[in-house]
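Quick note: numbers below take in every heavy atom, side chains included, and nothing from hydrogens, waters or symmetry partners. Everything numeric here is computed off the predicted structure, so don't read it as measured data.
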Amino acid sequence: MDVLLTEEQEMVRDSARSFLGAECTPALVRRMEADPLGYDPGLWAKAAELGWPGISLPEAYGGSGLPLVYLGLILQEAGRALAPLPLHSTVTAALTLAEAGGAAQRQALLPDVVAGRTILTWAFAEADARQDPAAIRMTARAEGDSFVLDGTKMFVDNFRAAQFCLVVCRTAPASAVTTGLSLFLVDTAAAGITETPLVTTAKDRQSEVAFRDVRIPASSLLGPLHQGWPIAERMLDRGCILLSAQMLGAARRDVEMAVEYSKMREAFGQPIGAFQSIQHMCADMIIGIDGGDLLTFEALWKMDEGLPFQVEVSQAKAFCNEKCLAAVRNAQIIHGGIGFMMDLDLHLWYRRVAAWSMRLGTTHEHRARVAAALIDHPGQVILGRPLPA
């Protein structure tokens, strides 16, 4: 893996940063925190014109077909600007649809996703928010040529803005050969669905979504019946590593603001950045974010290359959960008491990084996954290689 960006990748990153720097101000971010949809349709339309929703989707559906590393760079810049866009939820679901959806499903939705006309999301977590197939209690029972969904999903991103949602349901009891899970593509306007907004630290759009006798056609099934866990797991891994990229962008911008503040804020007749304790703090923040950057883009590169990536995803998310949160906390400390006031824009970045660090797997969950790959299998285990049979 070459850790340096290519000229083309730098161009994509710089153009995204330039666009969001001009279009996405902290004032817009604050307005969208109070907006029922939580995103600016005008900004979303411009992002679609730039090709962001389809940057890694197949060219057959209007996408650019570029590696996931490019999408990671876009989401990193979206995190840096705190762009109020339903980009993460849409691309995570769309990539799963492109991978496992039927030809009719892909043709019906992906061109509109690329054009920005359709917003997608997914629903996995329930009352037990672990990323574990055993945590799924929502059911889908077959009735004739339909399925009937019953259950409740938690922490669903941008559900109110989305037209379709990928829902993970239990269609059979777990056994030695199957987890009994299936994925369904559900119209968010279907009868029997109730959405309740959740108040989050980030003040973004997360919802509790209740499904009560929601009848959907059998053609809504994504992938094979009862065999949906491998598809869902890959969806969660992609969403997780793209969220890590977004978190890194936000944390790096937050740290840059703290470093600039330390150069101009004076105490005892000199800038506080002249004090060694502040210098050490700033150095630790930058080192942590740089480390998360390397881990995150290594995982994205492995996905692009078709190599085993699960351990790398968990390494990256566990590391970013800790280091990015520590960075934004220290940035507030450097600002002193004003750093903890809601009126200061710095608070916008802190709240989002704090919330994202708890989504798509906590540090404990991801470390347990890495540990399982290291010590729970007999034989020689080397990270980055398939586990021994």
Acceptor/donor pairs from residues 191-198 side chains to any protein atom, 3.5 angstrom cut, sequence neighbours excluded:
from   : atom 1 : to     : atom 2 : distance (Å)
Glu195 : OE1    : Arg160 : NE     : 3.3
Glu195 : OE1    : Arg160 : NH2    : 3.0
Glu195 : OE2    : Ser207 : OG     : 2.7

For [Y], does its backbone N or O pair with a side-chain atom of [X] as donor and acceptor, under 3.5 Å?
{"X": "Arg205", "Y": "Glu33", "value": "yes"}
{"X": "His335", "Y": "Ala331", "value": "yes"}
{"X": "Arg170", "Y": "Thr179", "value": "yes"}
{"X": "Ser220", "Y": "Pro217", "value": "yes"}
{"X": "Glu77", "Y": "Ser18", "value": "no"}

Is there any side chain to side chain donor-acceptor pair (under 3.5 Å) pair reaching into [range], and which pairs are they, with sequence neighbours excluded?
{"range": "residues 221-230", "answer": "Thr171-His226"}
{"range": "residues 39-51", "answer": "Glu23-Lys46"}
{"range": "residues 53-66", "answer": "Tyr61-Arg106"}

What's the shortest heavy-atom distance between [X] and [Y], and which atoms?
{"X": "Pro67", "Y": "Asp304", "value": "CB-OD2, 3.2 Å"}
{"X": "Gly101", "Y": "Gln105", "value": "CA-OE1, 3.4 Å"}
{"X": "Gly228", "Y": "Leu183", "value": "O-CD1, 3.3 Å"}
{"X": "Ala98", "Y": "Leu57", "value": "CB-CD2, 4.1 Å"}
{"X": "Leu120", "Y": "Ser89", "value": "O-OG, 3.1 Å"}
{"X": "Arg351", "Y": "Leu348", "value": "NH2-CD2, 3.3 Å"}

Test side-chain hydrogen bond (donor to acceptor under 3.5 Å, both in side chains) applied to [X] - qualifying residues, sequence neighbours left out:
{"X": "Asp35", "result": "none"}
{"X": "Glu126", "result": "Lys153"}
{"X": "Gln310", "result": "Glu233"}

Just verifying a value: how many Å separate [X] [atom1] and [Y] [atom2], rounded to the nearest 0.5 Å?
{"X": "Thr6", "Y": "Tyr70", "atom1": "OG1", "atom2": "OH", "answer": "4.0 Å"}
{"X": "Leu325", "Y": "Asn330", "atom1": "CG", "atom2": "CG", "answer": "9.5 Å"}
{"X": "Thr25", "Y": "Leu20", "atom1": "OG1", "atom2": "CG", "answer": "11.0 Å"}
{"X": "Met247", "Y": "Lys323", "atom1": "CE", "atom2": "NZ", "answer": "14.0 Å"}
{"X": "Ser182", "Y": "Leu222", "atom1": "OG", "atom2": "CG", "answer": "10.0 Å"}
{"X": "Thr92", "Y": "Leu87", "atom1": "OG1", "atom2": "CG", "answer": "8.5 Å"}

Less than 4.5 Å apart, side chain to side chain, heavy atoms only: is that true for [X] and [Y]?
{"X": "Phe155", "Y": "Met358", "answer": "no"}
{"X": "Thr96", "Y": "Arg234", "answer": "no"}
{"X": "Leu346", "Y": "Gln332", "answer": "yes"}
{"X": "Met138", "Y": "Thr152", "answer": "no"}
{"X": "Met281", "Y": "Ser262", "answer": "no"}
{"X": "Val29", "Y": "Cys24", "answer": "yes"}
{"X": "Leu166", "Y": "Phe124", "answer": "no"}
{"X": "Ile241", "Y": "Leu68", "answer": "no"}

Please tell me whether [X] and [Y] are part of a single hydrophobic cluster in this structure, the criterion being side-chain heavy atoms less than 4.5 Å apart.
{"X": "Leu236", "Y": "Leu71", "answer": "yes"}
{"X": "Leu82", "Y": "Tyr350", "answer": "yes"}
{"X": "Ile286", "Y": "Phe319", "answer": "no"}
{"X": "Val114", "Y": "Leu50", "answer": "yes"}
{"X": "Phe159", "Y": "Ile136", "answer": "no"}

In residues 248-258, what donor-acceptor pairs under 3.5 Å come from side-chain atoms, sequence neighbours left out?
from   : atom 1 : to     : atom 2 : distance (Å)
Arg252 : NH1    : Asp290 : OD1    : 3.1
Arg252 : NH2    : Asp290 : OD1    : 2.8
Glu256 : OE1    : Arg80  : NH1    : 3.2
Glu256 : OE1    : Arg80  : NH2    : 2.6
Glu256 : OE2    : Arg80  : NH1    : 3.3

For [X], enumerate each residue passing the ring pair (Phe, Tyr, Trp, His ring centres under 6.0 Å) test, keeping only those at least two apart in sequence or located in another chain.
{"X": "Phe184", "answer": "Phe147"}
{"X": "His88", "answer": "Trp122"}
{"X": "Phe19", "answer": "Trp52"}

### Task
Start with the C-alpha distance between Glu260 and Lys263, add both sets of side-chain angles, then the distance that settles salt bridge (charged side-chain N to carboxylate O under 4.0 Å, His left out), and finish with yes or no.
CA-CA 5 Å; Glu260 288 303 312; Lys263 294 176 182 178; 3.4 Å; yes
### Task
Check the pair Val313 / Met303 against side-chain contact (heavy atoms from CB on, under 4.5 Å), numbers first and verdict last.
CA-CA 10 Å; Val313 167; Met303 286 182 177; 3.7 Å; yes
### Query
Should the heavy atoms of other residues, nucleotides or ligands under 6.0 Å from CD of Glu143 be counted, would the total exceed 12?
yes
### Message
Please check if the number of heavy atoms outside Ile333 that lie under 6.0 Å from its CD1 is greater than 12.
### Response
yes
### Query
Which is it for Phe164 and Ile119 under the side-chain contact (heavy atoms from CB on, under 4.5 Å) test, yes or no, and what are the steps along the way?
CA-CA 7 Å; Phe164 291 91; Ile119 294 171; over 6 Å; no
Is it true that [X] and [Y] have a side-chain N and a carboxylate O under 4.0 angstrom from each other?
{"X": "Arg141", "Y": "Asp213", "value": "yes"}
{"X": "Asp128", "Y": "Arg137", "value": "no"}
{"X": "Lys317", "Y": "Glu365", "value": "no"}

#### Entry: Partner residues of Ala202 under the side-chain contact (heavy atoms from CB on, under 4.5 Å) criterion, sequence neighbours left out
Thr200, Asp204, Arg352, Ala355, Arg359
### Message
Run Cys282 and Ile334 through side-chain contact (heavy atoms from CB on, under 4.5 Å) and show every step you take.
### Response
CA-CA 9 Å; Cys282 291; Ile334 288 172; 3.8 Å; yes
